[in-house]
Amino acid sequence: MRLSLSELYDILFRFYGPQNWWPIVENGVSLYLPGYTQKQRTPEEALEIWIGAILTQNTAWKNVEKALVNLKERLPLLPESLLTLSEEELSDLIRPAGYYRQKAKKIHVSMRFLLQDYGGNPCELRRLPLSEARHQLLSLWGIGPETADSILLYALGFPIFVIDTYTRRILKLLGYPEATQSYERLQDLFHKNITPDVGLYREYHALFVAAGKTCGRKPDCGRCPLFSWCERHHTRA
DNA sequence: CGCCAGGTTGTTG
DNA sequence: CAACAACATGGC
């Protein structure tokens, strides 16, 4: 019997507990505070999430953390401050996050956009309809669907579901054919089956990441709460 | 040492 | 549209 998406959420939540995404870096460590799933983010927090979403593209969070620490000890995290740095200076600070020249360019593009169109305040995007805010994000060089949706959900508080490689991996193993389809197609599955609640969407996506890590390079099936529904369980040679 | 991590873009068939 | 290369550091 295949797991429904709400049953899956319950299992993951009971096993991994609240994830309290998205973290803010303070005193050199990432903080995951209980209020974060519901909280309306301040412009400062929203900007850090925005930049973090770019930095974490195909990159371990530990490396992003180092980059954010470097940035925050060098200057206040504001578009106008970041833009006083050249792309080369910026790339030097974010080096630990990898792809540092690409990401410096991406951050510059986003900061110019925010400063020119929204007075440097990312939260102003919240005034737009969701589809238009998403369209604007996707029009920026360096922001694809996952980064856009992470910003919309975690920084701006729009009810949109984030799809990442972990989501696909888990759903494939659970036998969901939609997992091999396009980003928007898979996203629709969540929008149609899970009530659009920001706190719920934030927690659910973070739980996929937690589960995906258990199922990474060295799968720890003995400790996976999904073992009995997993393809590996049934199709082992 | 090799593999991969909270992707996106550009190129090519 | 799908497949593939390029982008790059650091942890396990």
Side-chain angles (χ1 to χ4, degrees), chain A residues 9 12 16 18-25 28-32 36-37 41 45-46 48-71 87-88 90-111 113 134-156 160-173 177-187 190 201-220 223:
Chain A
Y9 175 81
L12 293 177
Y16 293 103
Q19 302 297 301
N20 304 316
W21 273 32
W22 186 289
I24 292 297
V25 175
V29 296
S30 298
L31 297 179
Y32 299 82
Y36 284 176
T37 51
R41 298 301 195 139
E45 290 172 326
E48 182 174 333
I49 293 168
W50 188 309
I51 293 167
I54 290 174
L55 291 175
T56 199
Q57 290 171 358
N58 198 42
T59 299
W61 184 257
K62 203 68 195 162
N63 292 356
V64 176
E65 199 175 73
K66 293 178 196 296
L68 285 174
V69 167
N70 288 348
L71 283 176
E87 278 180 27
E88 192 178 333
L90 183 55
S91 71
D92 199 50
L93 292 170
I94 64 173
R95 182 176 299 262
Y99 307 130
Y100 53 91
R101 278 186 283 265
Q102 298 274 312
K103 286 173 178 174
K105 195 180 296 288
K106 292 176 181 183
I107 290 170
H108 251 220
V109 168
S110 278
M111 295 307 104
F113 163 75
R134 188 171 198 269
H135 187 77
Q136 289 204 14
L137 285 170
L138 289 175
S139 74
L140 299 175
W141 187 86
I143 297 193
E146 187 188 334
T147 307
D149 291 340
S150 295
I151 292 168
L152 292 167
L153 177 66
Y154 290 107
L156 304 177
I160 190 161
F161 205 90
V162 178
I163 304 296
D164 65 358
T165 50
Y166 291 138
T167 312
R168 285 186 189 283
R169 181 185 305 171
I170 305 284
L171 290 185
K172 269 182 208 163
L173 288 171
E178 297 89 341
T180 57
Q181 314 235 345
S182 73
Y183 184 97
E184 275 78 9
R185 200 68 168 282
L186 180 54
Q187 186 177 49
F190 285 89
Y201 281 10
R202 283 176 174 170
E203 204 62 77
Y204 203 162
H205 171 248
L207 285 166
F208 269 119
V209 176
K213 284 175 175 167
T214 310
C215 192
R217 167 149 30 101
K218 217 183 138 191
D220 191 1
R223 298 194 190 232

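Chain A is the first sequence line, chain B the second, and so forth, proteins listed ahead of strands; every chain is numbered from 1.
Contact annotation: side chain of A:Y166 to base of B:dG7, donor-acceptor pair absent below 3.5 Å.
A:Q19 places no side-chain N or O within 3.5 Å of a backbone atom of A:A210 that could act as its donor or acceptor partner. The backbone N or O of A:A148 lies less than 3.5 Å from no partner atom in the side chain of A:S150, so there is not a single donor-acceptor pair.
A:F208 has its ring centre less than 6.0 Å from the ring centre of A:Y204.
Mapping A:Y32 and A:I143 onto DNA chain B by nearest heavy atom places A:Y32 at the nucleotide closer to the 5' end. Toward the 5′ end of DNA chain B lies the nearest nucleotide of A:R169, the other residue of the pair A:R169 and A:Y183 mapping further downstream.
Of all heavy-atom pairs spanning A:A104 and A:L90, the tightest one is O-CD2, 3.6 Å.
Distance check on atom P: B:dG6 versus C:dA2 gives 25 Å, rounded to whole Å. Comparing C:dA8 with B:dC1, their P atoms sit 22 Å apart, to the nearest whole Å.
In this structure, A:F208 places its CZ atom 18 Å from C1' of B:dG7, rounding to the nearest Å. In this structure, A:I94 places its CD1 atom 16 Å from P of C:dC7, rounding to the nearest Å. As rounded to whole Å, 12 Å separates atom P of B:dT9 from atom CG of A:L137. To the nearest angstrom, P of B:dG6 lies 17 Å from CD1 of A:I49. Here the P atom of nucleotide B:dG6 and the CZ atom of A:F161 are 16 Å apart, to the nearest Å. Residue A:N70 contributes atom CG, which lies 13 Å from atom C1' of C:dG10 at whole-angstrom precision. Across the protein-nucleic acid pair, A:I151 atom CD1 and B:dT8 atom C1' stand 13 Å apart, rounded to whole Å. Atom NZ in A:K218 sits roughly 17 Å away from atom C1' in B:dA5 (whole-Å rounding).
Scanning residues 96-108 of chain A for heavy-atom distances under 4.0 Å to DNA chain C yields A:P96, A:G98, A:Y99, A:Y100, A:R101, A:Q102. Contacts between residues 51-67 of chain A and DNA chain B, defined by a heavy-atom separation under 4.0 Å, are made by A:T56, A:Q57, A:N58, A:T59, A:A60, A:W61.
When only modelled atom types and interatomic distance are considered, A:W61 and A:T56 share no side-chain donor-acceptor pair under 3.5 Å. Checked by atom type, the side-chain pair A:N58/A:Y99 shows a donor-acceptor distance below 3.5 Å.
Residue A:T165 places at least one side-chain N or O closer than 4.0 Å to OP1 or OP2 of B:dG7.
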Between the protein and nucleotides 11-13 of chain B, which nitrogen or oxygen pairs are less than 3.5 angstrom apart?
none

For this session: Check step by step if side chain to side chain contact (heavy atoms under 4.5 Å, CB included) holds for A:L55 and A:N63.
Result: CA-CA 9 Å; A:L55 291 175; A:N63 292 356; over 6 Å; no
For this session: Evaluate the side chain to side chain contact (heavy atoms under 4.5 Å, CB included) criterion for residues A:D149 and A:Q187: first the C-alpha distance (whole Å), next the side-chain angles of each, then the deciding distance (0.1 Å), finally the verdict.
Result: CA-CA 10 Å; A:D149 291 340; A:Q187 186 177 49; 2.8 Å; yes
Problem set entry | Worked verdict on A:R134 versus A:E146 for salt bridge (Lys or Arg N to Asp or Glu O under 4.0 Å) | CA-CA 11 Å; A:R134 188 171 198 269; A:E146 187 188 334; over 6 Å; no
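Checked options A:Y36, A:Y32, A:Y154; the residue passing with A:W22 is A:Y154 (criterion: ring pair (Phe, Tyr, Trp, His ring centres under 6.0 Å)).
Nucleic acid contact class of A:L140 (heavy atoms, under 4.0 Å, all strands): sugar-phosphate only. At the heavy-atom level, A:Y204 lies nowhere under 4.0 Å from the strands shown. Within 4.0 Å of A:R95, counting heavy atoms only, lie sugar-phosphate atoms of the nucleic acid but no base atom.
In DNA chain C, the stems built from three or more successive Watson-Crick or G-U pairs (distances below 3.5 Å) are B:2-5 with C:9-12, B:7-13 with C:1-7.
Note on ring orientation: taking the six-membered ring where Trp is involved, the planes of A:F113 and A:W50 are tilted (angle from 30° to 60°).
Sorted by first and then second residue, the salt bridge (Lys or Arg N to Asp or Glu O under 4.0 Å) pairs involving residues 94-103 of chain A (not counting sequence neighbours) are A:D92-A:R95. Residue pairs meeting the salt bridge (Lys or Arg N to Asp or Glu O under 4.0 Å) criterion with at least one partner in residues 51-61 of chain A, sequence neighbours excluded, do not occur; the list is empty.
More than 12 heavy atoms of other residues, nucleotides or ligands lie within 6.0 Å of CD in A:E184, so this atom counts as buried by the packing criterion.
In the set B:dT9, B:dG6, B:dT8, B:dT9 carries the atom at the smallest distance from any side-chain atom of A:W141.
Residues A:L31 and A:P23 are not in side-chain contact: their nearest non-hydrogen atoms beyond the backbone lie 4.5 Å or more apart.
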